[in-house]
Structures are given as structure tokens and as C-alpha cells.
Protein chains: 2
Amino acid sequence: MNLKEFARTLGLSQTTVSRALGGYPEVSAATRKRVQAEAVRLGYAPNRGAQRLATGRAMAIGHVVPLGPNPDIVNPIFADFLAGAGETCAAAKYEMVIAVTRHGEEADAYREMAMKGSVDGVIVHSPQIEDGRIALLRDIGLPFLVHGRSSGVDAPYSWFDVNNRRAFFRATRFLTDLGHERIALINGPEEMDFAHRRRLGYEEALLEVGLTVDETIMTSDEMTEPYGYRAACAALQTAVRPTAFLVSSIISAMGVRRAIVDAGLAPGRDVSIVTHDDDLSYLSNRGDVPLFTATRSSIRAAGRRCGELLIRMIAAGEGAPPVTELWESELTLGVSTGPAPQ
Amino acid sequence: MNLKEFARTLGLSQTTVSRALGGYPEVSAATRKRVQAEAVRLGYAPNRGAQRLATGRAMAIGHVVPLGPNPDIVNPIFADFLAGAGETCAAAKYEMVIAVTRHGEEADAYREMAMKGSVDGVIVHSPQIEDGRIALLRDIGLPFLVHGRSSGVDAPYSWFDVNNRRAFFRATRFLTDLGHERIALINGPEEMDFAHRRRLGYEEALLEVGLTVDETIMTSDEMTEPYGYRAACAALQTAVRPTAFLVSSIISAMGVRRAIVDAGLAPGRDVSIVTHDDDLSYLSNRGDVPLFTATRSSIRAAGRRCGELLIRMIAAGEGAPPVTELWESELTLGVSTGPAPQ
DNA sequence: ACAATTGCCCAAAGCGCTTTCAATATCTCA
DNA sequence: TGAGATATTGAAAGCGCTTTGGGCAATTGT
């Protein structure tokens with residue numbers, strides 16, 4: 001069923017039908033109602049391709065998802081982020097198209113999306129400290145919102161981020177307040193901007209209380225469970241073992257916890273853990289007494305908000321100033337922390 | 001830059017340029033090469049909307065992702081599945097569009113995709129035992145491939161599945177061979193077809209060796225980590241506690257393991273665990289000695305294959321017979337299992 | 001009562017592409 | 001050498017929609 005047929009069965013012109021469905025005011029309420037009802041009854045909806053061609057807008061946003069650098073790892077937070085963005089998009093009648101690329105090959109995906117006009121804007125995932133995608137997208141002229149930031153980029157751009165630095169600063173201070181002096185950092189890949197910022201917050205807090213920053217108890221890798229386990233095992237076997245771990249992902253934190261237990265130690269008593277918690281639905285750290293003390297920030301809510309901001313940017317058009325938004329994460333108390341053992 | 005301009009700068013007709021880029025044979029090799037080179041240099045690619053309108057094909061496949069029934073849970077395997085499907089799509093020049101819907105509201109999403117012509121086919125995720133989506137999609141006439149099966153649907157349809165029943169049959173027999181007689185089943189939501197099938201395999205194996213099926217040590221819920229923990233805690237507190245757990249997801253298995261350790265028991269010695277392992281990149285159960293004994297089947301590979309099959313179906317057109325494919329999962333030995341304690 | 005407005009609707013142009021049909025130039029083979 | 005086949009290119013007709021630029025009644029203001 002196409003517009004021509006549909007309009008004919010209604011005894012109306014294509015113009016009127018299109019306007020009735022599109023919500024334009026030049027249609028009487030009665031006509032609009034009838035058109036909408038018949039559209040549902042007969043199963044008519046305007047063809048997206050034709051609509052795109054006629055309006056020049058794709059009514060879609062894109063996600064280019066880079067796989068992890070080493071093995072092809074998919075960031076597990078992505079599913080939840082997507083669910084959040086999806087809610088916003090559905091409400092705004094936008095589609096989401098996603099492209100998965102190997103690490104470092106995102107550029108082509110962006111260029112193609114722009115050239116083919118398959119999306120009106122994109123969300124940039126997993127920004128690195130020096131991220132060339134930002135300059136690229138500006139050159140291309142495709143509206144974009146970075147989920148995170150890129151410390152190495154000076155020119156203004158639109159981003160949404162969580163205050164990672166302050167979160168890890170607070171988390172570290174929380175541990176030092178409890179008397180911990182040897183705090184291991186199990187961080188994400190250091191070329192990632194978020195990991196960089198978390199490290200800065202951690203170091204800043206240590207220095208503030210006169211502790212030394214010790215490179216040997218800081219690790220950085222793709223945030224898997226086995227990584228957390230391995231890193232923690234290694235740290236626990238050193239001569240002066242850490243009394244606390246600060247971990248960048250709840251998934252790795254599970255591994256850290258396992259290592260602690262395997263070593264015959266009690267999490268929260270012998271060794272403390274604070275982790276960042278993206279509030280993933282399947283690894284919930286909520287409940288009466290959360291398993292982990294954590295800096296929590298819902299990745300799903302972030303997805304929702306990123307969708308909103310990007311769609312607003314697209315509506316605003318080229319000239320509008322960049323939007324930026326920084327959320328604070330909450331520090332929630334769980335059973336994984338306690339005073340440093342004497 | 002559009003075709004008209006691009007063709008003019010090349011001194012060729014739109015026809016020839018379109019054909020050169022589209023890979024049609026009626027163009028001389030020299031011309032094609034020149035056109036392709038200039039397209040890259042000048043940054044021209046055919047507009048997707050126009051292409052869709054002209055060809056009637058969207059060159060896109062859709063994923064309608066239902067959130068979990070109770071809280072809005074996103075199945076964590078989805079990110080990996082998508083990465084797999086994305087590889088295939090990228091290679092075949094297909095786009096992927098995804099829609100996230102609340103549980104039970106998928107129908108509208110499918111209808112809309114079909115009516116608007118935004119995709120050429122869809123992958124049906126998380127099929128239930130009685131899944132109305134299959135009949136719906138057949139009525140609509142939108143090509144679809146089910147990832148999994150729906151036991152309650154008789155009419156033929158295309159699906160890709162893992163042999164869940166045999167996997168859990170083998171896993172259970174593996175445990176009974178080790179002398180376990182009280183094996184708890186920590187399953188996914190029972191309305192899900194995969195969970196149903198896994199339960200059948202489990203029961204079949206128990207009956208085969210003369211053990212009774214005990215409903216009180218079988219649980220069924222959204223497969224989160226806390227669920228595994230809670231379920232295992234409860235099971236371990238019963239009068240005759242199970243000596244082994246069979247778990248439907250490695251994420252819940254982490255929770256089960258935690259419960260066992262918390263109870264002062266040793267996984268693999270006091271209590272065994274076998275889990276299904278989707279081979280998620282961030283919860284790798286590989287390595288020299290895997291943490292869990294598991295029925296393993298890569299969800300990423302499944303995504304790749306589903307993409308292939310669906311694209312092939314789309315190419316084959318309406319009349320073609322349904323495609324079906326069943327993969328066996330491998331039973332890998334980890335350190336989470338051992339002989340039943342006396 | 002008449003002009004000006006408003007409300008509602010329509011015809012037709014055009015978005016950028018693919019593809020049919022036709023034309024021309026070049027080969028092939030007897 | 002000339003007829004038929006082949007290789008290569010073009011002109012133009014849509015694909016299904018939105019939107020501009022009217023047109024005709026009914027309503028309003030004076």
C-alpha cells in the first residue's frame with residue numbers, strides 16, 4: 001500500500017493525507033482522525049526511503065561501535081547503553097542504525113554513514129585520549145555527540161560524560177579515610193579517556209594525603225573478569241600487598257573479588273574493593289546491602305540522555321553551539337570495604 | 001554531492017556512473033576504475049534513501065530487542081550477538097537497525113519496520129515457547145529468522161538454534177557419572193524456549209539414570225548474577241543440599257559460585273557447577289584451565305551465522321523453503337566440577 | 001453587502017537514485 | 001567487405017513521498 005492508493009481509497013489527495021499523518025495544522029480535526037484511523041486499519045505507513053528522499057532527513061541516528069583493541073572485545077556496557085538510547089529514539093520516532101567495526105577502522109564507517117545519508121547524527125563511543133574521530137566528524141559535517149570526552153582535543157565539541165575524575169578521587173579518599181595506604185588501581189585501557197581521567201583522580205587523592213603513587217600496583221587492560229582476577233592475584237602475591245583495590249568495572253571487580261577469596265582473604269575485612277558500577281541490569285549491585293562499594297552511574301540513563309541530546313542537536317542545526325553535560329556519580333556503600341587491617 | 005553533479009564532473013551519464021559503482025558488467029573496466037577512484041577522491045556515495053526508493057530494497061536487517069519481562073533487563077548476550085551479526089552485515093553491505101521494545105510490545109515494532117520498508121528482514125530474538133511473533137511475521141510477509149525456536153509453533157519457519165536439550169542432557173549425565181544425585185537447576189525464565197529445552201534435557205538425563213525430578217531444586221528467573229547467588233544460597237540451606245548446580249548462564253554461575261564460597265564450601269570439590277557459556281568476550285571461560293565446566297557455544301558466532309542466513313533468505317525471495325540450522329555446543333572441562341562427595 | 005481573512009484541500013514539482021529501452025561504436029566471421 | 005553480434009554508453013521514466021503555490025468556501029470585520 002502506498003500513499004497514492006491509500007489516498008484514493010480515502011477519497012482525499014496525497015497532500016492532505018500526508019499532512020494529516022505528519023501532524024501539520026492545515027487539516028481539519030475530523031479529516032485527520034479519519035486518516036489516522038484508516039491508516040491503522042489498512043496498515044499504511046509512509047515509506048521510509050521515499051520520506052528520506054523527499055525531506056533530506058534520515059530520521060535515524062548511528063552508533064559506530066569499535067571492538068576492543070586486543071582481542072575483538074565488545075564492551076558489555078553497550079547493550080544497556082543502547083537500550084537507553086533506544087527508548088529516547090523510539091519516543092522521538094528516530095531509528096537507530098549500528099555499525100560494528102574493528103578497532104581503529106571507525107573512520108570509514110562514519111564517512112559512509114555521512115555520504116550515504118543513512119543517519120542524521122552519530123554517537124561516538126569509547127573516546128580515547130587523542131581521538132581523531134572528533135576532527136574527522138567535524139570535517140565531514142555530521143552532527144555528533146561524544147559519550148565521554150577526549151582530553152587531547154582542544155576545539156569545542158558536544159559531549160556527555162560522567163565525572164570520572166571526581167568519582168575516583170572520592171573513591172580513593174574514601175579508602176584513605178579508612179586507613180588504606182596501599183591501594184591498587186585495576187583500570188581500563190589507559191588510552192581510553194575515561195581510564196585516564198580515573199587514574200588522575202586516584203593519583204590526585206593519593207598525593208593529597210601524602211601517599212606515593214606506585215606504578216607497580218596500577219594495571220590497565222580490557223575490563224574482563226579474568227583480567228580482574230589475574231591482576232588481583234598478582235598484586236596479592238607481592239611483598240607488601242595492597243589492602244584495597246580500586247576497580248574500573250564491576251565485571252573486573254568480580255574477578256578481583258574471586259582472587260581475594262581464593263587467597264583465603266575476606267573481601268571487606270582483609271582487603272577492600274571499590275569499583276565503578278555502570279548499573280548494568282544483569283549485574284545489579286543494588287539491593288539492601290550492595291555487594292560492592294561503588295561509584296555508580298547508570299549507563300542506561302546515560303544512553304537515554306545521549307539520545308535526547310543528539311536528537312536535540314540535530315533539530316537545532318549546524319550553527320548551534322556545542323552541548324556539554326557532566327554527571328556526577330554517586331558513591332554507594334556496600335560490604336566490600338572496611339577499615340584497613342593493622 | 002549527488003549523482004548528477006558527480007556524473008557531470010566525470011563527463012559521464014548518471015546511468016554509467018550508477019552502473020560502474022553498482023558493479024554491473026556493462027561498463028568497461030577502465031571507466032569503472034576511474035569512476036570508483038573519483039568517487040573516493042570526491043567523497044561520493046549513492047544516497048541510501050534514493051537507492052531504497054528506486055530499488056525497493058532497504059539493504060538493512062532489523063533487530064527487535066525485547067527487554068526482560070520483569071524489570072527492564074537487557075540480555076547481556078545481545079552485545080556479542082550484535083557484534084557477530086554486524087560482521088556479516090558489513091561484509092554484505094547491509095545496515096543493521098535496532099529497535100528496543102518493552103516485553104510483549106514487539107509486534108508494533110515489527111509492523112512498523114515492515115510497513116515503512118525500513119528493513120528487508122528481521123532476526124527474532126529470545127523466542128518463547130508460544131511465540132506469536134512467528135505467526136505475525138508470516139502474516140506481514142517480512143522475511144525473518146528466529147534465533148532459537150518456539151516449541152509451540154507447528155508451521156515451518158526459519159530458525160537457527162543451539163541444541164540446548166542435548167547440551168543440558170550431556171551436562172547432567174556428566175554430573176551423574178561423577179556420582180551426583182542431587183543436582184539443582186538454575187534456569188532462565190521458563191517461558192523462554194531455550195530454558196524449556198534445557199530443562200527437558202536435564203530431566204531426561206535424570207530419569208535415564210533413575211533419579212527423580214525434584215521441582216524444589218529447580219528455579220527459573222532472569223539470569224542475573226544476584227539471581228544465581230540467591231538461588232544457590234537458598235538451595236544450600238535446604239535439609240538435603242544439592243551437590244551440584246546446573247546453571248543456564250555464566251553470569252548467574254558467577255553468583256552461584258559466590259554463594260558456594262560464602263557458605264564455606266569449595267567449588268569443584270564440595271559442590272560442582274556446570275554452566276552454559278555463551279563465550280562472551282568479557283567473561284571469558286577459556287584459558288588453560290577454565291573456571292567453569294560448561295556447555296559452550298559462541299553467541300558471537302551465532303550472530304555471524306544468523307546474519308548470513310537471513311541475508312541469504314532475503315536474496316532467495318519469498319518462495320524459498322525455510323532454512324533451519326542446529327549447532328551442537330561443546331562440553332568443556334573446567335575446575336568447577338568433581339566427583340560427588342560421599 | 002463587500003472585501004479580507006481563514007480553513008481546508010489539491011495538483012504538480014522534485015528529492016537522487018536504478019533500470020528499461022535505445023543508440024552508437026567496435027568486433028567477428030564468412 | 002558487409003551483416004550480425006557485442007561492448008559501451010545515454011535519455012528518460014519512474015520509485016513514494018513532502019511541500020510549494022494556488023484555489024474555493026465559509027467566516028469575519030466594517
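Quick caveat, the model's predicted, so the values are computed rather than measured. In what follows, every chain begins at residue 1, and chains take the letters A, B, ... in the order their sequences are listed.
Checking D:dC17, D:dT8, C:dC17 against the side-chain heavy atoms of B:E26 singles out D:dT8 as nearest. Distance from the side chain of A:Y24 is smallest to D:dT19 among C:dT19, D:dT19, C:dC8.
For A:N47 and D:dG16, the shortest distance from a side-chain N or O to OP1 or OP2 is not below 4.0 Å. Contact annotation: A:T55 does not reach the phosphate of D:dT19 (side-chain N/O to OP1 or OP2, under 4.0 Å). For the pair B:T16 and D:dT8, the criterion of a side-chain N or O lying under 4.0 Å from OP1 or OP2 is not met. For the pair A:R57 and D:dT19, the criterion of a side-chain N or O lying under 4.0 Å from OP1 or OP2 is met.
Looking at which nucleotide of DNA chain D each of A:Q51 and B:A29 is closest to, the 5′-most match is held by B:A29.
Residue B:S28 is in sugar-phosphate contact alone, with no base atom involved, counting any heavy-atom pair closer than 4.0 Å across all strands shown. Among the atoms of the strands shown, none is found under 4.0 Å from any heavy atom of A:F6.
Each of A:F160, A:W159, A:F194 was scored for a side-chain contact (heavy atoms from CB on, under 4.5 Å) with A:R149, with one residue passing: A:W159.
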Between B:V97 and B:M113, is the side chain to side chain contact (heavy atoms under 4.5 Å, CB included) condition met? List the steps. CA-CA 10 Å; B:V97 355; B:M113 282 185 172; 3.7 Å; yes
Between B:V64 and B:T101, does a side chain to side chain contact (heavy atoms under 4.5 Å, CB included) hold up when you go through it step by step? CA-CA 7 Å; B:V64 176; B:T101 69; 3.9 Å; yes
Stepwise side chain to side chain contact (heavy atoms under 4.5 Å, CB included) test for B:H147 and B:L145: CA-CA 6 Å; B:H147 176 216; B:L145 175 76; over 6 Å; no
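In this model, no side-chain donor or acceptor of B:T15 finds a partner on the base of C:dT18 within 3.5 Å. In terms of polar N and O atoms assigned as donor or acceptor, the side chain of B:R19 comes within less than 3.5 Å of the base of D:dG10 in a complementary pairing.
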